[in-house]
Amino acid sequence: MAFDGITIANIVSEMKKELIGGRLYKIAQPEEDELLLTVKQPNGQKRLLISADASLPLIYLTTANKPSPMTAPNFCMLLRKHLQNGRITAVSQPGLERIVRIEIEHLDEMGDLRSKTLVVEIMGKHSNIIFCDNDTIIDSIKHISAAVSSLREVLPGKPYFIAGTQDKQNALDTDFEGFRTALAARPLPAFKAVYSCFTGISPVLAQELCCEAGVDGERPTAALTDSDYRNLYQAFAGMVSSVQEERFTPNIAYTHGRPAEFCALPLTMYGFGRPEESSSPSDRTVSFPSMSALLECYYAEKSALTRIRQKSTDLRRIVQTSLERNVKKYDLQLRQIKDTEKRETYRIYGELLNTYGYDAQPGAKALEVLNYYTGEPVTIPLDPTLSATENAKRYFEKYGKLKRTNEALSQLTLEVKAEIDHLESVSAALDIALYEEDLTQIKEELTESGYIRRKGGAKKQKVTSKPYHYISSDGFHIYVGKNNFQNDELTFKFATGNDWWFHAKQMPGSHVIVKTENAAELPDRTFEEAARLAAYYSRGRGQEKVEIDYIQKKHVKKPGGGKPGFVVYYTNYSMAIDSDISGIQAVSD
């Protein structure tokens with residue numbers, strides 16, 4: 001995702017409309033590298049979130065509040081001292097740099113009107129929030145000494161200036177000749193040359209410009225024709241014009257139902273438009289009313305998924321370790337079973353020796369006889385120190401041993417395979433978990449299965465997680481189990497006999513129940529949407545086609561002693577379908 005100069009320009013445009021003229025009502029520092037400014041306007045309060053976190057630097061308007069620490073950090077106290085109740089007079093962006101300058105008027109200790117600048121630099125690991133007075137640094141949220149950076153010190157009392165931009169040009173004041181000369185001087189693929197030559201343009205936007213111009217982005221600049229340069233500059237000039245006139249269209253391009261990229265300008269290089277124009281609902285662009293709304297939506301979802309991923313680390317490690325151990329055991333058992341395939345040969349050797357053993361000469365190492373089972377001759381290896389009867393007895397002993405081994409291993413492999421299937425289903429449940437209560441139920445399942453030891457005196461945790469709930473286009477309620485406990489609950493306690501049951505064929509996944517509500521039959525569209533949900537909430541998610549079994553619930557049985565979520569059925573329908581669920585309405589229960 002590209003938080004580039006064009007995205008910053010869009011944010012600055014929104015800040016101008018929402019913040020200029022407002023007064024700084026509250027200044028908070030919720031995190032070590034983060035500020036939350038509350039600005040009072042006649043039409044209500046506005047909040048600006050600024051993060052200089054090295055891994056995820058951000059700046060956008062938000063409606064959400066965040067708790068502040070009991071004791072405010074020094075940088076926050078300094079800003080409150082100087083800027084509390086100050087008025088925002090201007091918001092600007094130098095060129096297309098990833099920098100935002102916020103000019104604030106305030107009254108000093110003597111009551112005189114003064115002006116200060118809050119500079120926000122969104123530059124990856126070099127991101128910072130710097131408080132300046134006439135380009136002299138008063139303080140910053142991160143102190144950068146000469147030992148850390150040889151290019152620029154960011155310390156109180158030092159002059160503020162923008163660090164070198166790697167000889168990049170300002171896209172806002174570039175004409176055709178300057179554009180062509182700059183690109184021609186870079187022996188690179190066209191799209192790389194564009195973002196290497198001009199400030200504020202990301203690789204994604206550079207590829208988009210090449211797409212709009214009809215130029216292959218991978219084509220070297222040396223191979224571009226005059227027409228290519230003119231078409232590319234026309235697309236480039238259109239981008240510049242949109243920025244200068246503040247005509248932005250924040251949008252996210254989704255592929256296979258997942259966000260591929262976001263941009264402040266239209267993304268056409270994926271070859272699809274709005275959802276209603278797309279042949280596949282999972283391949284589409286979604287527009288947002290503002291870049292702040294886009295960023296808040298995207299990063300809130302990303303943050304939640306990251307947090308759940310971190311909280312599930314211990315559970316994933318337990319499942320993965322047990323899974324690897326059982327897979328190794330299963331592979332060894334299969335090899336041992338393969339070794340027992342010779343048992344029938346040994347039995348036949350013993351029977352033939354009992355029948356034809358009188359033909360064996362003393363000390364013979366082999367005996368060729370007619371196999372009366374197949375009508376073909378067979379050569380039986382012999383131990384020359386033993387008689388034919390003794391050789392037959394030895395072959396029968398080998399047969400008996402291998403037969404007992406095969407019978408024991410056949411049962412063991414079934415048990416180990418059931419364990420592997422169970423662990424894979426738990427792993428799939430961890431993949432679709434979105435909330436902490438989902439993890440609680442999965443942990444309880446692992447505890448009851450013996451993978452986690454329940455601490456002394458610890459009680460079974462209360463379950464608050466609920467299945468996913470959807471409504472089909474035809475108005476039928478569809479429920480999706482998040483884990484094996486919910487799968488059993490849905491199938492054998494919630495569903496009635498004529499409800500329909502869906503599951504991905506021969507792979508871990510959720511049970512999907514469609515409530516028929518006494519309907520004579522379901523519409524085809526509802527069958528397809530339920531199948532898509534079964535595909536999406538399975539290991540087949542993202543595949544072009546997933547085979548789904550479906551059947552009325554009354555034909556689904558729970559075998560005695562079966563693992564949680566394990567069922568059997570002997571007759572069913574099947575369909576192959578994609579795992580796109582973007583058009584199915586979710587219900588918040």
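Quick note: numbers below take in every heavy atom, side chains included, and nothing from hydrogens, waters or symmetry partners.
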Next on the checklist: Tell me every residue that passes ring pair (Phe, Tyr, Trp, His ring centres under 6.0 Å) with F502, counting only those two or more places apart in sequence or in another chain.
Outcome noted: Y550

Next on the checklist: Working note: Y536 + I432, criterion side-chain contact (heavy atoms from CB on, under 4.5 Å); need CA distance, chi angles, decisive distance, verdict.
Outcome noted: CA-CA 10 Å; Y536 183 81; I432 66 174; over 6 Å; no

Next on the checklist: How close do Q93 and I99 get, counting heavy atoms only, and between which atoms?
Outcome noted: CG-O, 3.4 Å

Checklist entry - Yes or no on side-chain contact (heavy atoms from CB on, under 4.5 Å) for R114 and D133, after CA distance, side-chain angles and deciding distance? => result CA-CA 9 Å; R114 301 290 301 275; D133 182 7; 3.4 Å; yes

Next on the checklist: What verdict does the salt bridge (charged side-chain N to carboxylate O under 4.0 Å, His left out) test give for D578 and R532, after you've listed the backbone C-alpha separation in whole Å, the side-chain angles of each residue and the deciding distance to 0.1 Å?
Outcome noted: CA-CA 6 Å; D578 60 77; R532 283 196 175 95; 3.2 Å; yes

Checklist entry - Taking all atoms of both residues into account, what is the closest heavy-atom pair of L265 and M239, and its distance? => result CD1-CG, 3.5 Å

Checklist entry - How far apart are the closest heavy atoms of F75 and L35, and which atoms are they? => result CE2-CD1, 4.0 Å

Checklist entry - Is the shortest distance from a Lys or Arg side-chain nitrogen in D4 or R98 to a carboxylate oxygen in the other one below 4.0 Å? => result no

Item to check | Pairing residues for E245 by the side chain to side chain donor-acceptor pair (under 3.5 Å) criterion, not counting sequence neighbours | outcome: S241, R247

Checklist entry - Hey, what do you get for CD1 (I478) to CD1 (I584), rounding to the nearest 0.5 Å? => result 6.0 Å

Next on the checklist: Using every non-hydrogen atom in the two residues, find where Q45 and T38 come nearest and quote the distance to one decimal.
Outcome noted: OE1-CG2, 3.5 Å

Checklist entry - Given side chains that start at C-beta, do those of Y195 and L205 come closer than 4.5 Å, heavy atoms only? => result no

Checklist entry - So does N74 have more than 12 non-hydrogen atoms from other groups sitting under 6.0 Å from CG? => result no

Item to check | Atom pair CG/CG of L79 and L24 - distance to nearest 0.5 Å | outcome: 9.0 Å

Checklist entry - Can you tell if the side chain of L334 reaches within under 4.5 Å of the side chain of Y330, non-hydrogen atoms only? => result yes

Item to check | From D33 atom CG to L56 atom CG, the distance as rounded to the nearest 0.5 Å | outcome: 11.5 Å

Checklist entry - Do side-chain atoms of T174 reach the backbone of N170 as a donor and acceptor pair under 3.5 angstrom? => result yes

Item to check | Presence of salt bridge, R101 and E103, under 4.0 angstrom | outcome: yes

Item to check | Lys NZ or Arg CZ of R180 over Y233 ring: under 6.0 Å, within 45° | outcome: no

Next on the checklist: Distance check, rounded to the nearest 0.5 Å: S425 atom OG versus N483 atom CG?
Outcome noted: 9.0 Å

Checklist entry - So R152 and E121, salt bridge (charged side-chain N to carboxylate O under 4.0 Å, His left out) or not? Walk me through it. => result CA-CA 13 Å; R152 182 184 65 164; E121 298 183 338; 2.7 Å; yes

Checklist entry - Which residue pairs pass the ring-ring contact (aromatic ring centres under 6.0 Å, His included) test when at least one of the two sits in residues 117-142, sequence neighbours left out? => result H82-F131

Checklist entry - So, are E34 and K66 salt-bridged, with charged N and O less than 4.0 Å apart? => result yes

Checklist outcome for this item: Taking every heavy atom of D216 against every heavy atom of A190, the minimum-distance pair comes out as O-CB, 4.1 Å

Checklist entry - Quick one: NZ on K328 to CG on L323, what's the gap to the nearest 0.5 Å? => result 11.5 Å

Checklist entry - Going by an N to O cut-off under 4.0 Å, is there a salt bridge joining D135 and K158? => result no

Item to check | Side-chain heavy atoms of T117 within contact of I104, under 4.5 Å | outcome: no

Checklist entry - Any side-chain heavy atom of T89 sitting closer than 4.5 Å to one from I20? => result no

Item to check | Any P156 side-chain heavy atom under 4.5 Å of H143 side chain | outcome: yes

Item to check | side-chain contact (heavy atoms from CB on, under 4.5 Å) between C211 and T268, worked out | outcome: CA-CA 8 Å; C211 177; T268 62; 4.3 Å; yes

Checklist outcome for this item: Sorted by chain and number, sequence neighbours left out, ring pair (Phe, Tyr, Trp, His ring centres under 6.0 Å) with Y537 holds for Y468

Checklist entry - Is a donor on one side and an acceptor on the other found under 3.5 Å between the side chain of E208 and the backbone of M269? => result yes

Checklist entry - Is the shortest distance from a Lys or Arg side-chain nitrogen in R317 or D314 to a carboxylate oxygen in the other one below 4.0 Å? => result yes

Checklist entry - Hey, mind stepping through D228 and T225 against side chain to side chain donor-acceptor pair (under 3.5 Å) and telling me if it holds? => result CA-CA 5 Å; D228 291 334; T225 65; 3.2 Å; yes

Checklist outcome for this item: Here the pair of heavy atoms bringing I122 nearest to S51 is CD1-O, 4.0 Å

Checklist entry - Could you state the interatomic distance from CG (L430) to CG (L315), rounded to the nearest 0.5 Å? => result 6.0 Å

Next on the checklist: Could you go through S427 and Q320, starting from their C-alpha distance and side-chain angles, then the distance that decides it, and tell me whether this counts as side chain to side chain donor-acceptor pair (under 3.5 Å)?
Outcome noted: CA-CA 8 Å; S427 177; Q320 188 61 31; 5.4 Å; no

Checklist entry - Would you call S472 and R525 a side-chain contact if the rule is heavy atoms closer than 4.5 Å? => result no

Checklist entry - L267 and V204: side-chain contact (heavy atoms from CB on, under 4.5 Å), yes or no, with the steps? => result CA-CA 9 Å; L267 284 170; V204 172; 4.1 Å; yes

Next on the checklist: Can you confirm if the aromatic rings of F288 and F262 lie within a centre distance of less than 6.0 Å?
Outcome noted: no

Item to check | Under the ring pair (Phe, Tyr, Trp, His ring centres under 6.0 Å) test, residues paired with Y229 that sit two or more places apart | outcome: none

Checklist entry - Just by distance, do the side chain of H503 and the backbone of A534 share a donor-acceptor pair under 3.5 Å? => result no

Item to check | Distance-only donor-acceptor check, side chains E296 and T62, under 3.5 Å | outcome: yes

Item to check | Note, I50 side chain near Q29 side chain (heavy atom, < 4.5 Å) | outcome: no

Checklist entry - Does a sphere of radius 6.0 Å around CD in E246 hold more than 12 heavy atoms from other residues, nucleotides or ligands, not counting ones at 6.0 Å or beyond? => result yes

Checklist entry - Under a 4.5 Å cut-off applied to non-hydrogen side-chain atoms, are L183 and V194 in contact? => result yes

Checklist entry - What do the steps show when you test S292 against E14 for side chain to side chain donor-acceptor pair (under 3.5 Å), and what is the final call? => result CA-CA 8 Å; S292 293; E14 293 172 11; 2.8 Å; yes

Checklist entry - Are the charged groups of K192 and E218 less than 4.0 angstrom apart, N to O? => result no

Checklist entry - For atom CD of Q506, is the number of surrounding heavy atoms from other residues, nucleotides or ligands below 6.0 Å larger than 12? => result no

Checklist entry - Which residues pass the ring pair (Phe, Tyr, Trp, His ring centres under 6.0 Å) test with Y25, sequence neighbours left out? => result none

Checklist entry - Should the heavy atoms of other residues, nucleotides or ligands under 6.0 Å from CD of E32 be counted, would the total exceed 12? => result no

Checklist entry - Is a donor on one side and an acceptor on the other found under 3.5 Å between the side chain of S149 and the backbone of A146? => result no

